[in-house]
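Just so we're on the same page: letters track the sequence lines, and every chain starts at 1. It should be emphasised that the depicted structure is a prediction, and the values quoted were computed from it without experimental measurement.
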Amino acid sequence: MKPQTIKPSIPKGTRDFNPEEMLRRNYIFDTIKVVFQKFGFLPIETPAMENLTTLLGKYGDEGDRLIFKILNSGEFFEKAIENNNNLKTSKEILPFISEKALRYDLTVPFARYVVMNKNNIAFPFKRYQIQPVWRADRPQKGRYREFYQCDVDIIGSNSLLNELELIQIIDEIFTKLNIPIVIKLNNRKILTAIADFIGESEKITDITVAIDKIEKIGVEKVIEELVTKGISEKAIKLLKPFFELASKNLTSKKLIAELQKILQNSEIGQEGLTEISTIYNYLENIDCKADVEFDITLARGLNYYTGAIFEVKAKNIEFGSICGGGRYDDLTGIFGMPDVSGVGVSFGADRIYDVLNELKQFPESGNTSTKLMFVNFGEKEEIFCLKLLQQIRNAGINSELYPEHAKMKKQMSYADNKKIPFVALVGESEMLENLITLKNMKTGEQKNVVVEEVIEILK
RNA sequence: GUGGUUGUAGCUCAGCUGGUUAGAGCAUCAGAUUGUGGUUCUGAGGGUCGUGGGUUCGAAACCCAUCAUCCACCCCA
């Protein structure tokens, strides 16, 4: 019988990363991590899977659909139909066959973590978390089914200084990564006020989702969409002044002033506007390179946001948002810990990678980590090299010895291929004189030196 | 979940309205060059043409199905 072979493949929307890609990814993660720590955030990790009940209902209907469910183990199917033989739809069967799921984001697991560990946490709690999340979405440009989020959140503090700090973190990270960005800022309270103002409080989600598209599809199409969602004509009429304000390109200050007039009778609206202007007042006292733009069309779909919302877009490039977040006043409430407010943002590492790639903004170096390779001339020589190699490694220089006594050409090609900048040749003559022939692979020049000099040159 | 695109060598692709042995570049390996890579020259290996069925004397090409892919919508990092 023929041994059966399977065509190797990986699931849709997932990727392998080769060493070159990993070095670049780590450059992103390291940059982000360093800034997080600089602002006093501490790392945590949570499991890849959560109880399904922890996740369901937190991301809206669409979100629920996109959660990867994990099948129960054992005879789950028999058990499920034993007691309920009238189960028909997958939605009905779901709770009987699945009770775990892959995490959809890092914020909800974080809320769960906070509640479970509330007695051991000193509030306000500043944590960061860099882990993959999974979404059963159709993959396309900039969209994967498995991708890394880098979350920073501060929970247990209502202060708007936290919002400011997040803006500073965003600014610093993208400055370090050399990506010009614009930070868009809005407040859910303002959106709520607008929905109230036009008399369609119930439809706030539909309204925000539609408004969010204004830049993409234009006012006309947005109105069309609102009509199909059942928003009254009267309401749409009332909504128009807001569209006009949005498309006028006013400065953030002016826009706040205009909205304060229109929404003067809305308590929640005034609250939101005060929050925005407080953040802008803070911003005047710090140095911020990114543009921070107040944009009333910014909505964000996740329905747990209650205050400030953020979104970051790279300039000069058509791409989805590379960072987003906001304030949530009651995410912990559902786990039995009410009235704890948190605010945070999430950096999409994979999208940042794609942006850096398209902008050709990855730093040159860091293609390889090896700085020096010893050519292997044979048994006697490789033993002789071991001591030198250890000495050089102990000096903190990444180095390796070619593990086979292969042809010179092969070994040199290996070094060249791996972009190793220096090669050490230690053969019979070098051994006699206790010298190393150090070759610079870029210039091709080579000289005879002692170990100490090698260390000095490569340091 | 809806609509469209593309599947040919490890990679990027060519292959005319169906015609005999399916090509190129890059990569790989070997040699020119036994202690010198990246340049050059010579040669070699590598393909069930995504899969299954159909039309035909004849299919990589046409038809149907299926799977995969990428893109757009929805939504989002």
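Side-chain contact check for A:Lys410 and A:Tyr414: no donor-acceptor pair (N or O, by modelled atom type) lies under 3.5 Å. If you check the side chains of A:Asp105 and A:Tyr59, you find a donor sitting under 3.5 Å from an acceptor. For A:Asp153 and A:Thr107, the side-chain atoms include no donor-acceptor pair closer than 3.5 Å. A side-chain donor-acceptor contact under 3.5 Å links A:Asn162 and A:Ser157. A side-chain N or O of A:Asn376 and one of A:Glu382 form a donor-acceptor pair less than 3.5 Å apart.
Distances shown here put every side-chain N or O of A:Asn417 at or beyond 4.0 Å from the OP1 or OP2 atom of B:A27. In this structure, A:Lys407 does not reach the B:G37 phosphate: none of its side-chain N or O atoms is under 4.0 Å from OP1 or OP2. Between B:G31 and A:Lys409, no contact under 4.0 Å exists linking OP1 or OP2 to a side-chain N or O.
Spacing between B:A30 and B:G46 at atom C1', rounded to whole Å, works out to 15 Å. One C1' atom belongs to B:C49, the other to B:A44, and the distance between them is 23 Å to the nearest Å. One P atom belongs to B:C64, the other to B:G18, and the distance between them is 16 Å to the nearest Å. For the C1' atoms, the distance from B:A60 to B:U17 is 16 Å, rounded to whole Å. Nucleotides B:A77 and B:A14 place their P atoms 37 Å apart, quoted to the nearest Å. Separating the C1' atom of B:G43 from that of B:U33 is a span of 16 Å, rounded to the nearest Å. For B:U20 and B:G58, the P atoms lie 15 Å apart once the distance is rounded to whole Å.
As rounded to whole Å, 16 Å separates atom P of B:U39 from atom NZ of A:Lys442. Per the geometry, CZ belonging to A:Phe147 stands 11 Å off C1' belonging to B:C75, to the nearest Å. Here B:C76 presents its P atom at 9 Å from CZ of A:Arg135, a figure rounded to the nearest Å. Following rounding to the nearest Å, A:Trp134 (CH2) and B:C76 (C1') show an atom-to-atom distance of 17 Å.
Note on A:Cys323: only backbone sugar-phosphate atoms sit closer than 4.0 angstrom, heavy atoms only; bases stay farther off. Contact annotation for A:Glu62: base contact, defined as any heavy-atom pair under 4.0 Å involving a base atom. Using a 4.0 Å heavy-atom cutoff across all strands shown, A:Gly142 reaches at least one base atom of the nucleic acid. Using a 4.0 Å heavy-atom cutoff across all strands shown, A:Gly427 reaches at least one base atom of the nucleic acid. Residue contacts for A:Tyr144: at a heavy-atom cut-off of 4.0 Å it reaches a base atom on one of the strands shown. A:Glu381 comes within 4.0 angstrom of no nucleic acid atom, judged by non-hydrogen atoms across all strands. The residue A:Gly63 sits apart from the nucleic acid: no heavy atom pair falls under 4.0 Å. Residue contacts for A:Leu425: at a heavy-atom cut-off of 4.0 Å it reaches a base atom on one of the strands shown. If you check every strand for non-hydrogen atoms under 4.0 Å, A:Lys213 touches sugar and phosphate atoms only.
Mapped onto RNA chain B by nearest heavy atom, A:Leu66 and A:Lys410 fall at different nucleotides, with A:Lys410 at the one closer to the 5' end. Closest-nucleotide positions on RNA chain B for A:Gly324 and A:Glu225 were compared, and the one nearer the 5' end corresponds to A:Glu225.
If you check distances only, the side chain of A:Ser413 never reaches the base of B:G38 with a donor-acceptor pair under 3.5 Å. Donor-acceptor pairing under 3.5 Å, judged by distance alone, is absent between the side chain of A:Gln446 and the base of B:G35. Applying the 3.5 Å distance criterion, the base of B:G38 shares no donor-acceptor pair with the side chain of A:Asp416.
Every side chain to side chain contact (heavy atoms under 4.5 Å, CB included) that A:Thr437 has, sequence neighbours left out, goes to A:Leu425, A:Glu430, A:Gln446, A:Asn448.
Ring-base stacking between A:Phe377 and B:G35 is not satisfied when judged by a centre separation under 5.5 Å and a plane angle under 30°.
Surrounding CD of A:Glu428 are at most 12 heavy atoms belonging to other residues, nucleotides or ligands under 6.0 Å away. Atom CG of A:Asp61 has 12 or fewer neighbouring heavy atoms from other residues, nucleotides or ligands inside a 6.0 Å radius.
With a 6.0 Å cutoff to the six-membered ring centre and a 45° limit on the axis angle, A:Arg15 counts as a cation-pi contact of A:Tyr144.
Checking B:C75, B:U36, B:A77 against the side-chain heavy atoms of A:Arg351 singles out B:A77 as nearest.
Pair check for B:U69 finds none; no Watson-Crick or G-U wobble contact set falls under 3.5 Å.
Considering A:Tyr148, A:Phe310, A:Phe174 as possible partners of A:Phe347, the one that fulfils the ring pair (Phe, Tyr, Trp, His ring centres under 6.0 Å) test is A:Phe174.
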All N/O contacts under 3.5 Å from nucleotides 65-70 of chain B to the protein, with atom names and distances to one decimal?
| from | atom 1 | to | atom 2 | distance (Å) |
| --- | --- | --- | --- | --- |
| B:U69 | OP2 | A:Lys12 | NZ | 3.3 |

